[in-house]
Amino acid sequence: MAKNYDFKDVEHKWNKFWEEEGIYLFDNTSKKKTYAIDTPPPTVSGAMHLGHAFSYSHEDFIARYQRMKQKNVFFPFGTDDNGLPTERLVEKLKSVKSTEMDREKFVKLCQDTVTDIRPKFIQDWKNIGMSCNFNQSYSTIDNHSIKTSQLLFIDLHKKGLVYQKSAPTMWCVKCQTAIAQAELEDENFNSTFNDIIFKVGKKDLIIATTRPELIPACVCIYVNPDDNRYKDIIGKKAEIPLFEYKVPIFTDESVDMQKGSGAMMICSYGDKYDVEAIAKRKLEPRVVIEKNGILNHFADKYKGMNIKDARKAILDDLEKHSLLISKKPIQHVVNVHDKCGTEIEFLSSKQWFVKILENKKKLIKSADKITWYPEFMKTRYVNWVEALEWDWCISRQRAYGVPFPIWYCNKCGKEIFAEEKQLPLFPSKAKPLKKCSCGSDNFVAEQDVMDTWATSSLSPQIVCNFINSEEYNINFGNVYPMSLRPQAHDIIRTWAFYTIVRGLYHHNKEPWENIMISGHVLDPKGKKMSKSKGNVVEPQKIVQTYGADSLRFWAANATLGKDLSYKEEDVKNALRTITKLLNASNFAFMHLNDFKNKKVELEIIDKGILSKFNELIKECTKSFDGYEYSKSKMLTEMFFWSQVCDNYLEIAKDRLYNPDKRGEDSRKSAQYVLYQLMLGVIKLFAPIMPYITEEIYQSHFVKLEKDKSIHISKWPEYEKNLKDEIAEKTWDKFVEILSFVRQEKAKKNVSLVTEVKLIITKQDKLLLAECLDDLKAVCKAKEINYGDEVKVEF
RNA sequence: GAGCCUAUGGCGCAGCGGUAGCGCAACACGUUUACACCGUGUAGGUCGCCGGUUCGAAUCCGGCUGGGCUCACCA
């Protein structure tokens, strides 16, 4: 059987069984304690990647462990399938451009596409053995989620925690939407640092810039008040090269005299510094870049060019007019949009913001009310919150997302919020229930949609059924706050942070008791996996080749929060353990035909290993309770391999095969221990390797155990009265002598079945008095004699 | 520039105050009635460097160096 273990068949068989039998269903009528997991909804794409397989395995270990601890595990599954990532996916799959399409048609296309690919995408999660409540799966754009998101947006408004403001905001000219600080990424670019001549009267004022295309956006010049070079021009006006208008020259202490020429142009808007300077001086901005990245009338003859072309044209013209002194090549780091890699701009636009900055302290305090695994990840959260400089911009000028439940009065401009009974709502297809206070009933719908994070940050409210829709039948207050948020570390600043914000703002309570952070998967050399490097490993291929248990067994090697290098060898190794489990249980049940699970008088050596196994249970339970599944896995693996297989099975053989010689009682004792050890080991492995453990459980144990599946059976419990120090000591000494004999035989290059004479000390004899027959048999000793030291004679 | 993590046999990792462990790889031997997808054994590390605390440090503290992640700067 072992040789032909067909994991594909086995995995398929048990997946079907679990689903049909409803093994993982969440029972909301149960009196058991609930353990609720705030599962990350993965962004729908073509396929699951290895990083997903890695961290979702980790959370499934915990879910399965808690289920075996007889908790009522609530383990919902959702997908995140709207917003920019989805739009980009649809554009790619369908070869369309949202900006060139009718919005309604594009939205429909998005819905259809996602509906189409979602089942196959979710199948990847089922294939790695996730024990989620797939029957209760949600999407962040289904009606339930839209309603939750809109209702809680209105709640934010009622509480004064959200505001609309027209201000310079971070903007992506490619995606043509505002973005939030959390969506910034750094990228290194080659550029030039250009020294350009501005005229002040007849004098030359040199200004260094990397962004010459923003010269027509310049509204003033800054120099440091202590900078002697520029004392004489302060208060005068500088003439803008090529564009022939003048701007004032101000002093400001924030100017770094060492940088560039010490004089800088303030443009609308080059960066956050510009935004602040223009606001501080109350200057009239000249916003030269339009939302699509094209320069406007402020750019005169460069109007209609994109940023890159304008930069080149302006530099060329400056050079022609001898206004460009130098063009030094530099490499500098620029903020780009994480979704498309485009350099971000600052454009003035009207956006919705959730207040963050005024509540930083409270948000930081929240970190202490949640237990972080591992603890140092809390620091990342705290650092991020401390460093925040912008409120959370949640509006996006995109097509496919949760709409804002808002209209504006065409007469007086007042904003009208939808009423709760209207939700979920598409404002363009509905009207406010009442007239505007100005008497008008002419409204225009808000066109923007919400950022996906504005909805996925409500995953606890969505899955715990805050709004009480029929699709979910969970009482919110009973499940919220949830027990655990599992996620990877890259989204602490987004998902974890935003979920905490929403928890505090809506319920004045942190959303979960615990948060468990996984690391990332690296390639065998410890480098990030990326398509461009060609070092990407697909989890479904691993599942095909080595099985889901092997993939999971490998993933269980990772300690929390730490990255792990992927090595195929390690996955292969998992298969070894699976085979070993099969062989060992086959051996055990060869000898358990007549076994009735009844307690019998145990031999001392059997008491010894049971006592040790009892300690293992204690350690594994402790590890799992602290989310250290890797420790539990390692300890179980070591115990199974070296104590159970290498030693106990060998020791027990004589009694199992020769009851006539050794006595029926000694065989019964071995049977009992064999049964307990094998059952215990597969239970300890069950959260990690659900298929092979179920296979063994169902082929052998289910006859005597009452549980329908190992995954709802009881996690082994530490039993105080099994502790037997003398028996353990006996076991240790026994194994020590056995190892010594093996060593001696290896030295002589003889087979382990070679018969020998064994000499042990009188002290050892005392300790081993009750198991000398076992020792004799397993060492193939013709006789055991006593001397001053342990010896083997051939 | 700042914060966090990290440095342990060839490789991947555990250990986190009591004189180094696991898996892979290597080597030798062994077919032994669960298993050659095997067994037994051997070899291989003064735990990055310097200092401190301690009876005692891979383990705690400080500094340095290297690696990684994150944030900031970005005229």
Side-chain angles (χ1 to χ4, degrees), chain A residues 1-3 5 181 184-186 188-189 191 193-194 207-211 214 218 221-223 254-256 259-267 270-274 277 330-335 343 374 376-380 382-384 386-389 489-490 492-493 519-520 522 524-528 554 557-559 561-570 572-591 630-631 634-635 637-638 641-642 645-646 649-650 653 656-657 738-739 741-754 778 780:
Chain A
M1 176 182 174
K3 279 183 185 166
Y5 175 60
Q181 191 178 347
L184 296 183
E185 226 165 55
D186 287 347
N188 232 318
F189 279 112
S191 182
F193 203 27
N194 313 290
I207 288 184
T209 180
T210 55
R211 301 210 54 188
L214 287 180
C218 178
I221 306 290
Y222 262 24
V223 294
S254 63
V255 176
D256 180 353
K259 212 153 190 178
S261 63
M264 61 188 287
M265 60 175 192
I266 301 297
C267 304
D271 55 24
K272 189 165 187 284
Y273 186 92
D274 286 348
I330 56 159
Q331 240 196 15
H332 67 161
V333 177
V334 181
N335 278 142
E343 288 181 59
F376 69 78
M377 286 296 179
K378 178 160 71 178
T379 315
R380 284 209 187 179
V382 171
N383 286 349
W384 171 255
E386 276 171 349
L388 274 170
E389 294 185 314
H489 60 63
D490 53 342
I492 290 175
R493 66 180 187 171
H520 281 159
L522 305 174
K525 289 173 189 158
K527 300 278 174 225
K528 263 188 189 169
W554 162 78
N557 285 330
T559 39
K562 279 204 187 170
D563 296 345
L564 184 70
S565 283
Y566 174 77
K567 280 176 73 187
E568 195 169 1
E569 285 302 320
D570 291 338
K572 271 187 196 166
N573 188 40
L575 214 45
R576 277 180 68 230
T577 302
I578 290 168
T579 310
K580 194 80 173 169
L581 277 169
L582 276 168
N583 285 323
S585 53
N586 283 342
F587 168 77
F589 280 87
M590 269 168 55
H591 299 281
S630 63
K631 194 172 176 188
M634 190 194 72
L635 292 173
E637 189 185 5
M638 272 166 58
W641 211 278
S642 65
C645 293
D646 293 350
L649 296 189
E650 294 305 323
K653 274 179 187 170
L656 292 167
Y657 281 112
L738 174 57
S739 303
V741 173
R742 284 169 175 165
Q743 224 169 20
E744 292 299 304
K745 289 184 181 176
K747 271 185 200 163
K748 281 251 192 273
N749 292 345
V750 297
S751 156
L752 287 175
V753 288
T754 307
V778 75
K780 307 286 178 210

Next item on the list: Could I get the full list of salt bridge (charged side-chain N to carboxylate O under 4.0 Å, His left out) partners for Glu744(A), not counting sequence neighbours?
Entry: Lys747(A)

Next item on the list: For Glu569(A), check salt bridge (charged side-chain N to carboxylate O under 4.0 Å, His left out) against everything at least two apart and list the hits.
Entry: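 Salt bridge (charged side-chain N to carboxylate O under 4.0 Å, His left out) check on Glu569(A) returns Lys572(A).
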
Please find the pair of heavy atoms, one from [X] and one from [Y], that lie closest to each other, and give the distance.
X	Y	answer
Thr209(A)	Met265(A)	OG1-CE, 3.5 Å
Ser261(A)	Ala208(A)	OG-N, 4.0 Å
Arg211(A)	Gly270(A)	NH1-O, 3.9 Å
Ser751(A)	Lys745(A)	O-CD, 3.8 Å
Phe376(A)	Gly561(A)	CZ-O, 4.5 Å

Check: Hey, which of these two, Arg576(A) or Lys748(A), hits RNA chain B nearer its 5' end, going by closest nucleotide?
Finding: Arg576(A)

Next item on the list: By nearest nucleotide on RNA chain B, pick out whichever of Val753(A) and Lys525(A) is the more 5' one.
Entry: Lys525(A)

Considering only the [atom1] atoms, how many Å lie between [N] and [M], rounded to the nearest integer?
N	M	atom1	answer
A14(B)	U59(B)	C1'	13 Å
A43(B)	U32(B)	C1'	25 Å
G15(B)	A72(B)	C1'	36 Å
G17(B)	C60(B)	P	7 Å
U19(B)	U31(B)	C1'	41 Å
G10(B)	C16(B)	P	23 Å
A57(B)	C49(B)	C1'	16 Å
G21(B)	U8(B)	C1'	10 Å

Should [N] form a Watson-Crick or G-U wobble pair with both distances under 3.5 Å, which nucleotide is its partner?
N	result
U54(B)	none
C11(B)	G23(B)
C38(B)	G30(B)
A2(B)	U70(B)
G45(B)	none
G17(B)	none

Between [N] ([atom2]) and [X] ([atom1]): distance, integer Å:
X	N	atom1	atom2	value
Met264(A)	A75(B)	CE	C1'	4 Å
Leu184(A)	C73(B)	CG	C1'	13 Å
Met590(A)	U33(B)	CE	P	11 Å
Lys747(A)	A28(B)	NZ	C1'	14 Å
Trp384(A)	U70(B)	CH2	P	12 Å
Leu752(A)	G39(B)	CG	P	12 Å
Asn557(A)	C22(B)	CG	P	16 Å
Glu637(A)	G23(B)	CD	C1'	7 Å

Quick one: which of [options] gets closest to the side chain of [X]?
X	options	value
Lys580(A)	G23(B), G41(B), G39(B)	G39(B)
Glu389(A)	C24(B), A75(B), C73(B)	C73(B)
Ser751(A)	U31(B), C13(B), A75(B)	U31(B)
Asn749(A)	C29(B), G68(B), C13(B)	C29(B)
Lys527(A)	G68(B), G12(B), G41(B)	G68(B)
Glu569(A)	U31(B), G39(B), C24(B)	C24(B)
Asn335(A)	C24(B), A75(B), C73(B)	C73(B)
Gln743(A)	A75(B), U32(B), U42(B)	U42(B)

According to a strict under-4.0 Å criterion, is [X] in side-chain N/O contact with OP1 or OP2 of [N]?
X	N	answer
Trp641(A)	G39(B)	yes
Thr559(A)	A14(B)	yes
Arg742(A)	C29(B)	no
Gln181(A)	A72(B)	yes
Thr210(A)	A75(B)	yes
Lys631(A)	G21(B)	no

Notebook entry, point to check: Does the base of C37(B) carry an N or O that pairs as donor and acceptor with the side chain of Thr579(A) under 3.5 Å?
Noted result: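 Donor-acceptor pair under 3.5 Å: yes.
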
With a non-hydrogen cut-off below 4.0 angstrom, is [X] in contact with a base, only sugar-phosphate, or nothing?
X	answer
Asp490(A)	nothing
Tyr273(A)	nothing
Glu650(A)	base
Ile492(A)	nothing
Cys645(A)	base

Checklist line | Test log, rule side-chain contact (heavy atoms from CB on, under 4.5 Å), inputs Asn194(A) and Thr210(A) | finding: CA-CA 6 Å; Asn194(A) 313 290; Thr210(A) 55; 5.5 Å; no

Side chain to side chain, [X] and [Y], heavy atoms closer than 4.5 Å:
X	Y	result
Gln181(A)	Leu388(A)	yes
Cys218(A)	Cys267(A)	yes
Lys527(A)	Leu522(A)	no

Check: Tell me, for nucleotides 5-10 of chain B in 5' to 3' order, what letter each nucleotide earns: B for a base near a protein heavy atom under 4.0 Å, S for only sugar-phosphate near one, - for neither?
Finding: S-----

Item checked: Tyr566(A) and Trp554(A) aromatic ring geometry - parallel, tilted or perpendicular at 30°/60° bounds -> perpendicular

